[in-house]
> 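This structure is in structure tokens; I'll ask about it shortly.
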Amino acid sequence: MKKVLTGNQAVAYGAMLSDVKVVAAYPITPQTTIIETLADMQAEGIGDFDYIRVESEHSALSVCIGASMGGVRAFTATSGQGLFLMHEMLHYATGARVPVVLANVNRAPALPWNIWSDQTDSISQRDTGCIQLYCEGNQEVLDTTIMAFKIAETVRLPAMVILDAFWLSHTSEPVDIPEKEAVQKFLPSFDPGDMWLDPENPRTFGSVSMSDVYMEFRWLIQRDMERAKGVISETHTEFGNLFGRNYHQVEGYLTDDAEVVIVCSGTVASTGRVAVEVLRSEGKKAGMLKVKTLRPFPSDEVKNALRDKEKVAVIDRNFSPGAQGVWAQEIRSALYELADSERPLLYGYIAGLGGRDINIGTIRDIYERTSQSETPEDADIWVGVKYV
Amino acid sequence: MYSLNQRFDNRDIPEEEYMTPGHVACAGCGAALSMRLALKGLGMPTALVIPASCWTVIPGLWPMTSMKVPLFHTAFEATGATISGLKAAYRKRGMDNICVVGWAGDGGTFDIGIQALSAAAERNEDVIYVCYDNEAYMNTGIQRSGGTPIGAWTSTTPAKNPKAVPKKDIEEIMLAHRIPYLATATAAYPGDLIAKFKKARTIKGMRFIHLLSACPAGWKMPENLSVEVMRLAVLSNIFPLYEVENSEIYRQTIIPEEIVPVERYVRLQGRFRHLSDHDIARYQEMIDQRFERLKERFDKTANA
């Protein structure tokens with residue numbers, strides 16, 4: 001059934017169709033309409049879940065962790081400051097190996113206050129062990145929410161579905177809503193195995209572990225994060241076979257003969273497709289590479305997609321103060337493994353922070369600048385910043 | 001009526017043990033004894049959630065555990081929320097008979113965990129929240145908490161500058177949430193403690209149990225004095241034992257035969273060594289005033 005949905009409504013449909021049993025809700029702009037939609041779904045009996053109205057995002061994730069340890073599927077959603085408050089519990093969820101799924105609507109960090117799109121919130125959770133899936137459009141948001149549960153439960157790690165503030169969260173698009181039976185076939189009921197608080201089989205979870213075993217627990221997280229790369233690909237394939245919509249961790253657009261490949265994530269990828277078409281119509285050899293996963297980072301796919309390219313321009317709607325845009329850092333380190341002769345030049349661009357528009361003109365500027373430069377500058381270029 | 005040399009009839013204490021020997025609590029730890037008794041009162045099926053506290057360590061290092069009930073170690077400030085989620089999961093799975101218990105220290109309750117606890121109480125979650133109160137951050141080395149009494153030495157309130165403000169009144173804070181059941185208890189009165197946990201299990205909604213839990217290391221006293229000191233806290237009205245139903249009906253469950261001066265409690269503990277007679281007299285006044293207010297409520301119930 002096709003419906004016109006905002007990105008936030010698409011998230012709510014995804015969670016409801018995934019048959020979540022516990023939803024923890026705390027408001028923050030621009031995420032709030034996710035939990036509002038879920039509240040309506042629960043009140044109307046469309047979703048069969050407990051809806052716990054907590055007093056903070058820290059508690060929202062703690063409720064989900066508790067619910068997951070009770071053996072059910074749990075979901076929450078947040079943005080910006082809320083995600084920062086959850087940070088401790090994201091590490092905790094990974095350590096507890098609970099497959100909680102949360103949606104994060106990218107919002108710029110304060111100060112100054114700003115509610116608009118900026119990836120710094122989710123990027124700052126890079127090292128928590130939470131799987132990160134960035135979405136380009138509302139259909140992808142709905143589909144990724146369902147897939148996120150499957151991926152998370154297969155490797156027993158938390159997963160985050162990420163969408164841009166307002167560009168997706170509050171923008172309506174036609175979205176195909178899958179039938180619940182079809183989703184159930186793809187994503188059967190959650191089976192916690194023996195990883196839950198079972199009074200018949202009483203076990204202690206999360207005991208103090210000394211340095212003789214702690215590293216082994218952390219290694220298991222790394223092992224399963226590596227395994228997640230294959231699981232994500234398999235899940236994409238299975239989803240595509242059942243629903244006819246195909247997703248990839250790394251997806252090239254007109255990259256084959258491109259002289260400059262522009263690397264994008266989130267909604268910037270959508271603008272990137274059009275920008276590349278415009279540049280092509282002008283006879284310029286531009287290509288676009290969309291990267292969907294930050295963690296686990298698909299370094300092999302990135303390496304293969306960019307091998308032998310002349311130049312790569314990475315657009316980062318985030319930055320790490322004192323270093324550079326995080327996607328550029330990740331891609332640079334993936335490319336390091338290539339031989340000198342196959343390794344493209346890499347240009348980093350910081351753009352669109354705090355919701356500043358990244359439009360076709362912005363991407364054209366990035367293309368031209370990259371194309372005309374002989375060697376990258378030492379630091380990322382801040383696109384369109386006044387006084388620079 | 002109860003006195004210091006009271007002997008207890010232990011025949012009412014269930015024989016079943018849900019906590020095995022081999023735990024790593026210090027000698028004389030009130031918190032370990034409290035857990036052992038509380039589980040006897042609760043019975044099964046029960047699931048435990050414990051935040052950062054001495055009780056993070058007490059069950060033992062992985063892969064060993066001294067607990068015969070399922071246990072999840074949660075983050076310091078997260079108990080109220082974690083137990084809410086766990087109970088919801090059991091409810092959705094048709095396992096509503098499992099009693100979910102959060103077991104936190106005074107730091108995890110009075111201080112860092114009070115936000116999640118208050119919210120869980122406001123929602124009237126169907127859980128039992130236990131605060132085992134040893135009156136400081138004992139696991140990190142005896143730092144002052146909101147549960148530390150006025151005048152006490154801790155490692156962050158040195159004897160030259162002891163704690164200047166009284167302990168938070170956690171009971172009145174919880175009762176302001178209109179919860180269905182609240183009780184105070186201590187392992188020095190095992191029958192009373194067990195009866196309260198038994199009763200709590202039969203009630204629906206948020207139940208809060210405040211346990212005074214002696215800590216020889218932090219209170220600076222010999223290990224063999226734990227039970228005696230906890231008993232003196234009750235007999236001096238420093239820690240009266242009572243329960244409150246529906247945040248309204250107060251009932252004192254252990255009524256001392258004779259009120260013991262707080263000095264007897266204070267003088268057994270090194271953490272109060274620096275207090276002058278004048279300080280202790282002032283402390284006595286504070287304790288008397290607090291008990292007067294409570295007594296009005298006990299009397300109101302008794303005369304109703």
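First the proteins, then the strands, lettered A, B, ... as listed; each starts at 1. If you're wondering where the values come from, they're calculated on a predicted model, not measured in any experiment.
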> If you look at every heavy atom in B:K199 and B:E245, which pair is closest and at what distance?
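Scanning both residues, the minimum pair turns out to be NZ-OE2, 2.6 Å.
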
> Select one option (side chain, backbone, both, neither) describing which atoms of A:F49 are under 4.5 Å from chain B's heavy atoms.
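Contact with chain B involves the backbone of A:F49 alone.
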
> For the residue pair A:M160 and A:I131, establish whether any side-chain heavy-atom pair is separated by less than 4.5 Å.
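A:M160 does not reach A:I131 side chain to side chain.
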
> Picking from B:S84, B:A75, B:A47, which has the most non-hydrogen pairs under 4.5 angstrom with chain A?
B:A75

> Which heavy atom in B:L182 sits nearest to a heavy atom in B:I179, and how many Å separate them?
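For B:L182 and B:I179, the tightest heavy-atom pair comes out as CB-CD1, 4.2 Å.
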
> I'd like to check the side-chain hydrogen bond (donor to acceptor under 3.5 Å, both in side chains) partners of A:R126; sequence neighbours left out, ordered by chain and number.
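Applying side-chain hydrogen bond (donor to acceptor under 3.5 Å, both in side chains) to A:R126 gives A:E330.
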
> Do any of residues 89-97 of chain B have a heavy atom less than 4.5 Å from a heavy atom of chain A, and if so, which, in residue order?
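Residues in range: B:A89, B:Y90, B:R91, B:K92, B:R93, B:M95.
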
> How close do A:C130 and A:T94 get, heavy atom to heavy atom, and via which atoms?
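Distance-wise, the nearest heavy atoms are N-OG1, 3.9 Å.
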
> Any non-hydrogen side-chain atom of A:I177 less than 4.5 Å from a side-chain atom of A:L17?
yes

> Before you tell me yes or no, could you show the steps for A:D121 and A:N104 under side chain to side chain donor-acceptor pair (under 3.5 Å), namely the whole-Å CA-CA distance, both residues' side-chain angles and the distance that decides it to 0.1 Å?
CA-CA 9 Å; A:D121 57 355; A:N104 180 63; 3.1 Å; yes

> Relative to the ring of A:H91, is the ring of A:H87 parallel (under 30°), tilted (30 to 60°) or perpendicular (over 60°)?
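Judged by the thresholds at 30° and 60°, the geometry between A:H87 and A:H91 is perpendicular.
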
> Taking only residues at least two apart or on different chains, which pairs with a member in residues 71-82 of chain B satisfy side-chain hydrogen bond (donor to acceptor under 3.5 Å, both in side chains)?
A:H58-B:E77, B:T74-B:T82

> With the threshold set at 4.0 Å, does a side-chain nitrogen-carboxylate oxygen contact exist between B:D106 and B:K167?
no

> Chain B heavy atoms under 4.5 Å from A:V22: which part of the residue, side chain, backbone, both or neither?
side chain

> Classify the ring geometry of B:W103 against B:W55: parallel below 30°, tilted from 30° to 60°, perpendicular beyond 60°.
perpendicular

> Using a cut-off of under 4.5 Å for heavy-atom pairs, which of A:L197, A:V208, A:I52 has the most such pairs with chain B?
A:L197

> Do any of residues 110-129 of chain B come closer than 4.5 Å to chain A, heavy atom to heavy atom, and if so which ones, in number order?
B:Q115, B:A116, B:A119, B:R123, B:E125

> Heavy-atom distance under 4.5 Å to chain B: side chain of A:M69, backbone, both or neither?
both

> For each of A:R73, A:E200, A:E88, tally heavy-atom pairs with chain B at distances under 4.5 Å, and name the one with the top tally.
A:E88

> Using a 4.5 angstrom heavy-atom cutoff, name the option from A:A96, A:S62, A:S59, A:G206 with the most pairs to chain B.
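Winner by heavy-atom pair count: A:S62.
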
> Side chain to side chain donor-acceptor pair (under 3.5 Å) for A:Q125 and A:T128? Distances and angles first, verdict last.
CA-CA 6 Å; A:Q125 314 310 319; A:T128 57; 5.2 Å; no

> Would you mind reporting whether B:M19 and B:K68 have side-chain heavy atoms less than 4.5 Å apart?
no

> Using a cut-off of under 4.5 Å on heavy-atom pairs, state which of B:I98, B:V100, B:L71 scores highest against chain A.
B:L71

> Salt bridge or not between B:E248 and B:R178? Use side-chain N to carboxylate O under 4.0 Å.
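Salt bridge between B:E248 and B:R178, a charged N being under 4.0 Å from a carboxylate O: yes.
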
> Looking at A:D48, A:V213, A:D50, which one has more heavy-atom pairs under 4.5 Å with chain B than the rest?
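So the answer, after comparing A:D48, A:V213, A:D50, is A:D50.
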
